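Note that these values count all heavy atoms, side chains included, but never hydrogens, waters or copies made by symmetry. Nothing here was measured: the structure is a model prediction, and the numbers come from that model.
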Amino acid sequence: MLKRTHNCGELTTTHVGQSVILNGWVDAWRDFGGLVFIDLRDRFGITQVVFEPDTGEALQNAARELRAEYVVGVKGTVAPRLAGKENPRLATGAIEVRVTELEVFNESKTPPFEIQGAEPNEELRLTYRFLDLRRPVLQKVFLLRHRLAQVMRNTMSAMGFLEFETPMLGRSTPEGARDFLVPSRLWAGHFYALPQSPQLYKQLLMVSGYDRYFQIARCFRDEDLRANRQPEFTELDVEMSFVEFEDVIGTMEHLIAALAKEFGGETLSLPLPRFDYHDAMERFGVDRPDLRFGAEIKDLADLAALTSFGVFQKAAEQGHRIRGLCAPGGGTHYSRKDLEGLTEFVGSYGAKGLVWLKVEAETLTGPTAKFFPAEVQTRLRQRLDAKAGDLILIVADTQAVTHQALANLRIRIGAELKLYDPRSFHYSWVVRFPLLAWDPEENRYVAEHHPFTMPLPEDLHLLDSDPAKVRAQAYDLVVNGEECGGGTIRCHDPNIQSKIFSLLGLTPEQAEEKFGFLLSALRYGAPPHGGIALGVDRLVMLYAGLTNIRDCIAFPKTAKGTDLMTGAPGTVDLKQLKELHVRVSE
């Protein structure tokens, strides 16, 4: 076969006169009678090759039979392009290869979409993912993903971390999401579970004395999907011994700085900003705030009490929150119809209405402005730092609703009013989360992060008296409003761990049955330890400038959890099910 001597992205004028062999796919072809031009493509780039009349009729005829996506090898001589025919958009645009030999490795059916054309719809792309992955825009994403994994491995290794692999087939344990279960053929009625994370195994490695662990790990969660969530995903998993949470954060900031330098082109100032969970919720309505712009949420209850607006008075009587934000430039940007759209938008998050006030030079205007005395208007402008041309937006409802409605409204106006550079990055930590959250459906506490989190030392006494107020030694990495990592200091004390299991509704017998191996390990000299996991898929998505996580996973699932290319999930033979002791109706 004609084996390549060069790739399709490397030939320049320095190679003129050399005999070369290229392999690749036919990206485009043009027949000008005596001349046949082919754009030959591989993952490195495109090179123009030409079949000239003096190469002979057989080679000319063979060239005319080529079509898009044929796989070929060509041998020829590198020559400069004619003056004025150069293509400055290509790295190889100053040369062409004049072909003397052609070998067709494989023909191709007419593709369902053009590889270099407009982006096809997602269903078609995922059905023909093997063709979709040929598109240069996606190949750049996976080159970035490869580089990101290399930076992670090199940086973690340089800091003394050891790379481990942990089992894919483990025991089902309650960690928050549903497990993917795998029935055992050898043990009837028993099941393995695919790991939601390597959480328990990495803690056991700390008990085993390995001190610093990392793994680029595959994880699985059987939960509802959305644009930035997949049933199987990849994370950089990390664990450290003899540390407090500032040690974990400080160590990981060296990696984050390396990633920012490599993929964002910036030198981070360390340490990164830290926000207390309750402060983040109060100021931004969410525990993963996008800090590339301001428009912070402010409490307005005291000012609302000075108005004659009945909606505010009723909200105050019901013990609800009255909160708002200022949209810079929103007063001139949004029309009355737009404001109706914003009202419907917050309604989708449970808000019963949206109060809007346009900021003029001397006063506020809007349907409810008449209820705001002049002094209140002045103080409201000062509270929100509102200037002429801005827009004040207020929601009066429960704390949960005002969090949800205003947090999402803030993100929307930030994008619509172009309050930030979409190519910029902001990194921060949110720390000291609640240890527990109350689940009204199950009528019990559930873990905010996971069941193995250590409370803050100053809150340990509250485990017995007021568990809802206990704060965790937990921390999340937030990048541009996306949670890109999360971790905790673990319970290395078996007595505290048992108490937390009890608060989660597990009896001592249930705790031993589900987590006996962990509790046993903790009783054999477990060091203080903690760790974190960074979402590889989400980091690639952000650095590649994508909005959908499926575009940075080679073979993703749809929003319904299906693989359109392979047809997974699919049915299996009854014989297979019987071998696995799975009962089926005939």
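With contacts defined as side-chain heavy-atom distances shorter than 4.5 Å, the pair Ser241/Asp211 qualifies. Side chains of Pro289 and Glu296 form no contact here, defined as non-hydrogen atoms less than 4.5 Å apart.
Screening Arg321, Glu282, Gln404, His320 against Gln399 for a side-chain hydrogen bond (donor to acceptor under 3.5 Å, both in side chains) leaves a single residue, Arg321. Tested against Thr155, the residues Leu255, Leu236, Ile256 include a single side chain to side chain contact (heavy atoms under 4.5 Å, CB included) partner, Leu255.
Under the 6.0 Å distance and 45° angle rule, Arg283 does not count as a cation-pi partner of Phe275.
For the residue pair Arg129 and Pro556, the shortest heavy atom distance occurs at NE-CD, 3.6 Å.
Note: Phe425 and Phe263 fail the aromatic proximity criterion, with ring centroids not under 6.0 Å apart.
Heavy-atom contacts from other residues, nucleotides or ligands closer than 6.0 Å to CD of Glu165 number 12 or fewer.
Panel note: side chain Tyr475, backbone Gly486; no donor-acceptor pair is recorded below 3.5 Å. At distances below 3.5 Å, at least one donor-acceptor pair connects side-chain atoms of Gln230 with backbone N or O atoms of Lys557. Looking at Arg212, its side chain never comes within 3.5 Å of a backbone N or O of Met240 through a donor-acceptor pair. In this structure, His581 contributes its side chain and Arg185 its backbone to a donor-acceptor pair below 3.5 Å. With hydrogens and angles ignored, the 3.5 Å screen pairs a side-chain donor or acceptor of Arg274 with a backbone N or O of Leu272.
For Phe220, there are no ring-ring contact (aromatic ring centres under 6.0 Å, His included) partners two or more places apart in sequence or in a different chain.
Salt-bridge check for Glu123 with Lys560: failed, with every basic side-chain N at 4.0 Å or more from each acidic carboxylate O. Between Arg125 and Asp551, at least one side-chain N (NZ, or NE/NH1/NH2) sits under 4.0 Å from a carboxylate O, which counts as a salt bridge. Between Asp476 and Arg288 there is no salt bridge, since none of the side-chain N atoms of the basic residue sits less than 4.0 Å from a carboxylate O of the acidic one.
Pairs of residues two or more places apart, or lying in two chains, never qualify as ring-ring contact (aromatic ring centres under 6.0 Å, His included) while including a residue from residues 182-208.
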